[in-house]
Amino acid sequence: MQTKLFVANWKMHKTVKEALNFLNDFIPAVEKIKDREIGIAPTFICLESVGKAIKNTNIKLCAQNAFYEKKGAYTGEISPVMLKDLNVEYVIIGHSERRKYFNETDEIVNRKIKSCIEEYLKVIFCIGETLEERQSNKTFDVLKRQIEKGVEDIINPDYIVIAYEPVWAIGTGIVATESQIEEAHGFIKERLKNLYGERAQAIRILYGGSVTPENIYSIMNTENVDGVLVGGASLDPVKFSKIVKYEEQIN
Ligand code: 13P
């Protein structure tokens with residue numbers, strides 16, 4: 001069985017001080033947990049101090065993005081080499097907010113994934129359809145395209161985790177139903193099997209979109225869900241620790 005993965009995507013939230021305050025409450029709440037992975041993706045400017053605060057804990061440092069070049073004249077960008085230097089373990093790539101607000105295409109996402117893997121960074125590769133795409137029955141075409149283009153020329157999938165985040169469920173309070181998640185994750189698993197054969201078994205598939213302590217138990221008990229990528233609810237140490245300890249949240 002796969003080790004479950006719970007990642008907080010803080011997006012553009014929290015100053016350094018706020019991040020450290022969060023950890024003061026969160027670290028003791030989860031410190032005994034050994035059977036699952038926990039990650040926090042703060043903003044770039046919080047990486048160093050969060051990294052120091054979680055050193056020697058069971059929490060892994062994650063980044064929200066990376067550029068595809070290692071260094072150079074790219075004002076405002078951060079490279080995978082720099083993230084590795086700060087002991088980042090996972091990098092979120094291809095989040096729908098990056099695709100929407102920063103025009104990241106499948107090709108750019110693919111270059112970023114390759115560049116992270118070259119530095120031995122694990123990638124949380126986000127895919128997901130918009131509401132319009134779902135309503136016009138294009139969900140599976142979109143997922144297929146995003147997967148195939150995103151991992152193009154990547155022979156070794158060992159550093160890849162997929163996050164299925166339907167765009168219409170992100171920050172809306174509308175969580176995908178168990179059957180929608182099961183269907184999408186099953187489809188993703190099949191595509192990965194087509195690409196990587198038996199090696200695809202090792203690729204974890206996370207769900208993301210309006211995950212809360214109230215719905216985590218049923219999400220985690222859905223077929224082919226190997227963890228979650230959490231936005232809003234991960235900003236609160238109590239809520240995120242409840243999500244990580246999902247078995248205790250039976251309503
Ligand atoms: P919410 O949990 O706020 O819906 O955000 C999900 C997300 O985008 C995680 O990457």
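Order of listing sets the numbers, starting from 1, for every ligand and every atom in it. All residue numbers refer to positions in the sequence shown, counting from 1.
- Look at A233 and you'll find every heavy atom at least 4.0 Å from all atoms of ligand 1.
- Not a single heavy atom of A163 sits under 4.0 Å from any atom of ligand 1.
- Between the side chain of R99 and the backbone N or O of G94 there is at least one donor-acceptor pair closer than 3.5 Å.
- Among the candidates V16, L23, L47, the single residue satisfying the side-chain contact (heavy atoms from CB on, under 4.5 Å) test with P42 is L47.
- With salt bridges taken as basic N to acidic carboxylate O contacts below 4.0 Å, one links K70 and E118.
- Between Y217 and E248, the side chains place no donor N or O within less than 3.5 Å of an acceptor N or O (distance only, hydrogens not considered).
- Polar contact check, S210 against ligand 1: a nitrogen or oxygen pair lies under 3.5 Å apart.
- Remark: minimum distance from atom 9 (C) of ligand 1 to any protein heavy atom is reached at E165 OE2, 2.9 Å.
- Taking the six-membered ring where tryptophan is involved, the planes of W10 and F22 are perpendicular, since the angle between them exceeds 60° and thus also 30°.
- Protein heavy atom at the shortest distance from atom 5 (O) of ligand 1 is K11 NZ, 3.2 Å.
- At a threshold of 4.0 Å, the pair E77-K71 does not count as salt-bridged, since none of the basic side-chain nitrogens sits closer than that to a carboxylate oxygen.
- Counting only heavy atoms of the protein, atom 4 (O) of ligand 1 lies nearest to G171 N, 2.6 Å.
- Ranking protein heavy atoms by distance to atom 2 (O) of ligand 1, first place goes to G231 N, 2.9 Å.
- For ligand 1, the atoms closer than 4.0 angstrom to any heavy atom of G209 are 4 (O), 6 (C).
- Near L229, meaning under 4.0 Å from one of its heavy atoms, ligand 1 places the atoms 9 (C), 10 (O).
- Here N9 has side-chain heavy atoms under 4.0 Å from ligand 1, and that is the only part of it that gets that close.
- Remark: ligand 1 atoms within the under-4.0 Å shell around heavy atoms of A169 are 4 (O).
- Exactly one residue among K138, R134, Q146 makes a side-chain hydrogen bond (donor to acceptor under 3.5 Å, both in side chains) with E129. That residue is R134.
- Checked options K11, K100, E104; the residue passing with H95 is K11 (criterion: side-chain contact (heavy atoms from CB on, under 4.5 Å)).
- Between G232 and ligand 1, at least one N/O pair is under 3.5 Å apart.
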